[in-house]
Amino acid sequence: MRKLGTSKPSLFFLMFIIWIVNCFLVCNQNTSGGKTVLLLLISLYYLIGFSFLGKREKLYKEFHGPAYYLFWVVCLIKYFVMPLSLCFSQSFDTIGPSVTDSSFNMAVILIMYEMICIIFLRVLFLKYYIPIKKEYAYREGIRSGNSRVILVFGFIVFLGIALSFVPNFNIIPKNLFVLAEDFERQEISVSYGMVVIWWKYIFFLSTFSFLYYMYKRSSNRLFYYLSVLLIFFFLGLITGTSRWAILFFLLLSLYLCSKMYGSRVRKIIIPISLVSLVTIISITLYKFSWAFQYSENIYIDFFQVLMGQLQSYFSGPNLVAQALEMENNPMFAHRITFSTFLNDFLGSIPSVAGTVDQTDRINYYFNRYLFDWYSDQTSQIIPMTAVGAIYFNMLFSPVFTVLFTWLGFVFEFKGMSDSRIYVKFIFLYAAFWCVLAICFCPQIIWGNLIGFVFPIFIIYKFLMVKYRCHELS
């Protein structure tokens, strides 16, 4: 993606023209004046702020990785595409209770405040963090490791074979790439499920490192093709309701392949993308199957549902407004306490989660407010900036967004600055979750960091020490 301020000047003017055209179209409609003006201001501030930021980014291109580009794409959608789409369609409501105009306008202001904080955060990162740390960065490509990578690979394979004999350890799902109809009924204990997930990713990293070591040692293309098959196979292993996990793995695997095997990776981008697309569509159809039960044209309805979910996926203003009104709702005001704040973080730690009241968490209350107190729906994500406003106040509403986004920048820098495969994968995977703080809530990001990223990093680090793999990729 070409970024504002770092490519041809025509890109900025093209987007500015789109903004002006949208303004004229909105003016000719019978619009909600206050809402529309504030939404247009968000997209205008995006053009100005990120254009200024883009000029600074030119100095640090060598540290731009996949998480960086994902961050730019998501910011483009949330702060430019979504506001203009809402202005043009005049469809501001989402699922759940309607909100007042004052709450909606306050939500738009908080989103604008969030965007300004992110821009200043990135400027500070470029100005103070990178200049200090860049001299320690490793820029000589990915190392292939030493012969002890074979021992790690063999140990992980043996461990997988042993685990396959344990009841409920479903290492290989019954339906690769396509979600089964009884997916929700395929239950597994939380502890077993986490171990299986850890093993899958450690298996991928150890096998990937082993194949790359053999490729560098023999220059045999067979190991390159086996790496491609490994990616296809692993996409089937992680088939589930999390489309983000599939997207993140796809981006990371293609990025690592491009660094390891060079230009020939272009040949596999299309087939791998098609397989991933089938998997994501399968999950999406399952997730929104309720909307197609009485549909006359499933394709049109499918597109309309996706368009209507734009605010839900990118923490739109209506969701922020609903969260703010939930805080003042008598049914929820007395329930959201300091224990709720603690449970949001403790409830995601694998060894502690079982002792935590999972119904006393902010996202649980948000779904009860949107649907019904007795509803089982948990699909909606409370916006990050709303969580900050509820736990603290309006002034500190971006506190979680700023914290996780900064961590995302740091994680990506560490991943881009290291030459080892597992370090790049784990840190960049963590960066993906963190730079999308503007779309998620603290519970989701913290849960993935503490329940997935950190354990895998610790386990792999342990294997390096155990097998003395000081040069292990």
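Just so you know, these numbers use all the heavy atoms, side chains as well, and skip hydrogens, waters and symmetry mates. Note that the coordinates shown come from a computational prediction; the quantities given were computed from them, not determined experimentally.
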**Student:** Please answer whether the main-chain N or O of Arg335 pairs with a side-chain N or O of Thr340 as donor and acceptor at a distance below 3.5 Å.
**Tutor:** yes
**Student:** If we ignore hydrogens and angles and just use 3.5 Å, is the side chain of Gln322 paired with the main-chain N or O of Ile95 as donor and acceptor?
**Tutor:** yes
**Student:** Do Val435 and Phe404 make a side-chain contact, defined as non-hydrogen atoms from C-beta onward lying under 4.5 Å apart?
**Tutor:** no
**Student:** Out of curiosity, Leu346 CG to Gln358 CD, how far, rounded to the nearest 0.5 Å?
**Tutor:** 10.0 Å
**Student:** For residues Tyr213 and Phe223, establish whether the separation of their ring centroids is below 6.0 Å.
**Tutor:** no
**Student:** Side chains of Asp418 and Phe427: closer than 4.5 Å at any heavy-atom pair?
**Tutor:** no
**Student:** Could you pull out the closest heavy-atom pair between Asn363 and Ile382, with the gap in Å?
**Tutor:** OD1-N, 2.8 Å
**Student:** Is a side-chain donor or acceptor of Asp344 paired with a backbone partner of Ile362 at a separation under 3.5 angstrom?
**Tutor:** yes
**Student:** Excluding sequence neighbours, so at least two apart, what forms side chain to side chain contact (heavy atoms under 4.5 Å, CB included) with Pro66?
**Tutor:** Tyr255, Glu412, Met416, Leu428, Phe432
**Student:** To check you understand the geometry: which heavy-atom pair defines the closest contact between Ile381 and Cys441, and what is its length?
**Tutor:** CG2-N, 3.7 Å
**Student:** Determine the minimum heavy-atom distance between Phe345 and Pro442, stating which atoms define it.
**Tutor:** CZ-CB, 4.2 Å
**Student:** Looking only at heavy atoms, which two atoms of Tyr364 and Thr359 are closest? And how far apart?
**Tutor:** CD2-O, 3.0 Å
**Student:** Does the side-chain hydrogen bond (donor to acceptor under 3.5 Å, both in side chains) test come out yes or no for Ser348 and Arg361, once each step is laid out?
**Tutor:** CA-CA 11 Å; Ser348 299; Arg361 304 180 78 178; 2.9 Å; yes
**Student:** Taking the side chain as C-beta and beyond, is there a heavy-atom pair between Tyr69 and Leu251 under 4.5 Å?
**Tutor:** no
**Student:** Under the criterion side-chain contact (heavy atoms from CB on, under 4.5 Å), I'd like the reasoning laid out for Cys434 against Phe440: C-alpha separation, chi angles, the key distance, then a yes or no.
**Tutor:** CA-CA 9 Å; Cys434 290; Phe440 296 136; over 6 Å; no
**Student:** Given side chains that start at C-beta, do those of Ile336 and Ile390 come closer than 4.5 Å, heavy atoms only?
**Tutor:** yes
**Student:** With Leu403, which residues qualify under side chain to side chain contact (heavy atoms under 4.5 Å, CB included), at least two apart?
**Tutor:** none
**Student:** Name all residues meeting the side chain to side chain contact (heavy atoms under 4.5 Å, CB included) criterion together with Cys75; count only those two or more places apart in sequence or in a different chain, and write none if there are none.
**Tutor:** Tyr46, Phe50, Phe71, Tyr79, Ile438
**Student:** Taking ring-ring contact (aromatic ring centres under 6.0 Å, His included) as the criterion, tell me which of Phe452, Phe248, Trp446 meets it with Trp433.
**Tutor:** Phe248
**Student:** Look at the side chain of Trp198 and the backbone N and O of Val453, then say whether any donor-acceptor pair between them is shorter than 3.5 Å.
**Tutor:** no
**Student:** Whether the Tyr261 and Ser227 side chains hold a donor-acceptor pair (N or O, under 3.5 Å, no angle test) is what I'd like checked.
**Tutor:** yes
**Student:** Answer yes or no: are there more than 12 heavy-atom neighbours, outside Tyr129 itself, under 6.0 Å from its atom OH?
**Tutor:** yes
**Student:** Can you give me the closest heavy-atom contact between Ala437 and Ile445, atom names plus distance?
**Tutor:** CA-CD1, 3.6 Å
**Student:** List the residues meeting side chain to side chain contact (heavy atoms under 4.5 Å, CB included) with Phe392, not counting sequence neighbours, and say none if there are none.
**Tutor:** Phe341, Phe396, Val399, Phe400
**Student:** Between Ser253 and Leu250 (side chain of the first, backbone of the second, donor and acceptor by atom type, cut-off under 3.5 Å), is there such a pair?
**Tutor:** yes
**Student:** Does Tyr45 OH have over 12 foreign heavy atoms under 6.0 Å away?
**Tutor:** no
**Student:** Flag the pair Tyr429 / Phe249 as yes when their ring centroid distance falls below 6.0 Å, and as no otherwise.
**Tutor:** no
**Student:** Which atom pair, heavy atoms only, marks the closest approach of Phe332 to Met326?
**Tutor:** CB-O, 3.6 Å
**Student:** Ignoring hydrogens and angles, tell me if any N or O in the side chain of Ser209 forms a donor-acceptor pair with the backbone of Ser206 under 3.5 Å.
**Tutor:** no
**Student:** Quick one: which residue pairs count as a salt bridge (Lys or Arg N to Asp or Glu O under 4.0 Å) with a foot in residues 113-126, not counting sequence neighbours?
**Tutor:** Glu57-Arg122, Lys78-Glu114
**Student:** With a 4.5 Å heavy-atom cut-off, do Val81 and Ser85 have their side chains touching?
**Tutor:** yes
**Student:** For Ser397, what residues pass the side-chain hydrogen bond (donor to acceptor under 3.5 Å, both in side chains) criterion, not counting sequence neighbours?
**Tutor:** none
**Student:** Would Ile111 and Met115 satisfy side-chain contact (heavy atoms from CB on, under 4.5 Å), going step by step from the backbone distance to the final call?
**Tutor:** CA-CA 6 Å; Ile111 291 175; Met115 178 182 65; 5.7 Å; no
**Student:** To the nearest 0.5 Å, what is the distance between OG1 on Thr401 and CG on Leu121?
**Tutor:** 10.0 Å
**Student:** In sequence, state the C-alpha distance, the side-chain angles, and the governing distance for Phe234 and Phe204, and then conclude on ring pair (Phe, Tyr, Trp, His ring centres under 6.0 Å).
**Tutor:** CA-CA 7 Å; Phe234 194 79; Phe204 171 79; 5.1 Å; yes
**Student:** With rounding to the nearest 0.5 Å, note down the distance linking CG in Leu229 to OG1 in Thr207.
**Tutor:** 12.5 Å
**Student:** Could you check whether any side-chain N or O of Ser315 sits under 3.5 Å from a backbone N or O of Cys439, counting only pairs where one atom can act as donor and the other as acceptor?
**Tutor:** yes
**Student:** Identify the residue among Phe425, Tyr422, Trp199, Tyr201 that makes a ring-ring contact (aromatic ring centres under 6.0 Å, His included) with Tyr460.
**Tutor:** Tyr422
**Student:** Just do the side-chain contact (heavy atoms from CB on, under 4.5 Å) check on Met214 and Asn220 with the steps written out, would you?
**Tutor:** CA-CA 8 Å; Met214 297 301 295; Asn220 191 333; over 6 Å; no
**Student:** Taking C-beta and beyond as the side chain, do Val352 and Thr355 meet within less than 4.5 Å on heavy atoms?
**Tutor:** yes
**Student:** With a 4.5 Å cut-off on side-chain heavy atoms, are Pro398 and Tyr113 touching?
**Tutor:** yes
**Student:** Answer whether the closest heavy-atom distance between the side chains of Leu310 and Ile77 falls below 4.5 Å.
**Tutor:** yes
**Student:** Go through it in stages, so that I can follow the logic: the residues are Ser312 and Gln380, the test is side-chain contact (heavy atoms from CB on, under 4.5 Å), and I'd like the CA-CA distance, side-chain angles, deciding distance and then a yes or no.
**Tutor:** CA-CA 7 Å; Ser312 298; Gln380 295 298 311; 3.3 Å; yes
